[in-house]
2 protein chains.
Amino acid sequence: MSQSSALSESGSSSETGRAAFAARLRALRKARKMTLQDVADRSGLAVSTVSKIERNLMAPTYDRFTRLANALSVDVSELFADRSNAFQAGAFEVARHGDFGFLETDNYTYEMLFPDVAGKSMVPMLGTLKPLEQMRFDAMVEHEGEEFLMVLEGRVLVQVDGRPNVILNAGDSIYFDSRRGHLYASAQDTEARILCVCTQMVRAAAPDQG
Amino acid sequence: MSQSSALSESGSSSETGRAAFAARLRALRKARKMTLQDVADRSGLAVSTVSKIERNLMAPTYDRFTRLANALSVDVSELFADRSNAFQAGAFEVARHGDFGFLETDNYTYEMLFPDVAGKSMVPMLGTLKPLEQMRFDAMVEHEGEEFLMVLEGRVLVQVDGRPNVILNAGDSIYFDSRRGHLYASAQDTEARILCVCTQMVRAAAPDQG
DNA sequence: ATGCTACTTTTCTGATCGGAAAAGGCGCCC
DNA sequence: GGGCGCCTTTTCCGATCAGAAAAGTAGCAT
């Protein structure tokens, strides 16, 4: 008893998601049309144990945990992640040229590709960059994840916080940690076109309402 | 499979890699210059518990588990995955046009971009596709992760297992689950150029060497 | 219905976990 | 050396987990 106040398992708020986990576990088993016995055999656990875990009557320890993942042949992380609106297995989507959602900021015009594919682990977008003189320079962006940029047309100036500026020509590319502040601009007086792929959604960087 | 192949758990029913897990946990804490007390506070666990877990004297249950991940502010999956050669924080690398490692297969010529950046979560590559008639069709590739493909030049035929074939023109792109077998080819009698980004390393698909 | 079979839940007991407090280190200052 | 923080490990015991076996539930024959 006692100390658990801070942890408060009972409170729905600070749940560690065990209920969801339990449900996921059962769902995974059912999806494979396996019985408790099957899972028990493949994992080396007792049937009763699997049953209790699935009904959230018991919190499995590390070992049972990994064995369960193993028995269901999923990566352990899949047992934790809520994939309810995750990338759908077997997903497949085509984006025709010009077929996308626009995202306009002070500095950029981005065309988000595949805006309808939820939970994808990469976010590809096409960008049109204004010339340097027209840019606001207080608007460096930083966000979680990694970023890949390739220049399709024109010349692009890339500023990454704490790194020397780089000029990229068409066909050049750059890969960096998005957590560093970064900023792109056309390096000439015409617009440039880029393809940019992030591993995480970029918040529609509020330009100056800071 | 994927990640921990090298770790070789061997006996499926024996060790579940807890020792490695324990070590990783301690390493993570040390890297953050946190004490057992710190982790205990942030996780709501007892100091002794954290100590025991780190020394592999105890197998934490689901709840302690997620709390620990939380306290160390890592994703739970990171506690399982061995990131010994992970992406370096603040990484930043430029690839000039023509500056890459070649990867030649029966069907494709790929140019891996940023081959030296280890542990990046996206693997971008440029590809030159031979015309359809010259392709081997028994060599569909499938691998973990997701895949993004954009056509830079030419017209490309994309076959994805269980999906209708698609012809992409320059500027078109496609996003799909790489676990479905897939195959690209130039849809005309000249070569096509593509940019392809995967979320996982593509094994140098041995075409038919058993 | 009765029985049969396949699957799941409950029960009960030993094993292990989890936490508070006590006991070790260890470096440092006086 | 003794005292003193700081961090870690050990001890001890209640709480929880884990498994074997018993009991319950459901489908499906006869």
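Proteins get letters first, then strands, A, B, ... in listed order; numbering begins at 1 in each.
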Within the 4.0 Å heavy-atom criterion, would you say B:K30 contacts the bases, only the backbone, or no part of the nucleic acid?
sugar-phosphate
D:dT9 P sits how many Å from B:E54 CD, rounded?
8 Å
Considering only side-chain heavy atoms of A:M58, which listed nucleotide, D:dT10, C:dC7, D:dC17, is closest?
D:dC17
Could I get the full list of ring-ring contact (aromatic ring centres under 6.0 Å, His included) partners for B:F148, not counting sequence neighbours?
none
side-chain contact (heavy atoms from CB on, under 4.5 Å) against B:A27, all qualifying residues, sequence neighbours excluded
none
side-chain hydrogen bond (donor to acceptor under 3.5 Å, both in side chains) against A:S51, all qualifying residues, sequence neighbours excluded:
A:R55
Distances for protein N or O near nucleotides 20-28 of chain D N or O, under 3.5 Å:
| from | atom 1 | to | atom 2 | distance (Å) |
| --- | --- | --- | --- | --- |
| D:dA20 | N6 | A:S48 | OG | 3.0 |

Partner set under side-chain hydrogen bond (donor to acceptor under 3.5 Å, both in side chains) for A:D41, not counting sequence neighbours:
A:Q37
Would the distance check show the side chain of B:R180 and the main-chain N or O of B:V160 forming a donor-acceptor pair, the cut-off being under 3.5 Å?
no
Only counting residues at least two apart or in another chain, list the ones meeting side-chain hydrogen bond (donor to acceptor under 3.5 Å, both in side chains) with B:T35.
B:D38
Taking only residues two or more places apart in sequence, or in another chain, which ones meet A:N169 in a side-chain hydrogen bond (donor to acceptor under 3.5 Å, both in side chains)?
A:R155
Could you tell me the separation between the CG atom of B:D63 and the P atom of D:dA15, rounded to a whole number of Å?
17 Å
When rounded to whole Å, the OH to C1' distance for the pair A:Y62 and D:dA18 reads 19 Å
Provide, to the nearest angstrom, the distance between the CG atom belonging to A:L57 and the P atom belonging to D:dA15.
19 Å
Using atom CZ of A:R64 as one end and atom C1' of C:dA15 as the other, report the distance to the nearest whole Å.
10 Å
Would one find a side-chain N or O of A:R29 under 4.0 angstrom from OP1 or OP2 of C:dT8?
yes
Short side-chain to backbone donor-acceptor contact, A:R163 and A:Q159, under 3.5 Å:
no
Would you tell me if any nitrogen or oxygen in the side chain of B:R55 comes within less than 4.0 Å of OP1 or OP2 on D:dT8?
no
Should B:T61 be listed as having a side-chain N or O under 4.0 Å from OP1 or OP2 of D:dT16?
no
Any ring-ring contact (aromatic ring centres under 6.0 Å, His included) involving residues 17-57 of chain A? Give me the pairs, sequence neighbours left out, ordered by first then second residue.
A:F21-A:F65, A:F21-B:Y62
Please list, pair by pair, any protein nitrogen or oxygen found under 3.5 Å from a nitrogen or oxygen in nucleotides 25-29 of chain C.
none

Nearest-Å distance, CD1 (A:I53) to C1' (C:dC17)?
14 Å
Measure CG/B:D38 against P/D:dC7 and give the value in whole Å, please.
7 Å
A:L36 has an atom CG; how far is it from atom P of C:dT8, in whole Å?
4 Å
Ignoring the backbone of B:S51, work out which of C:dT9, C:dC17, D:dT10 is nearest its side chain.
D:dT10
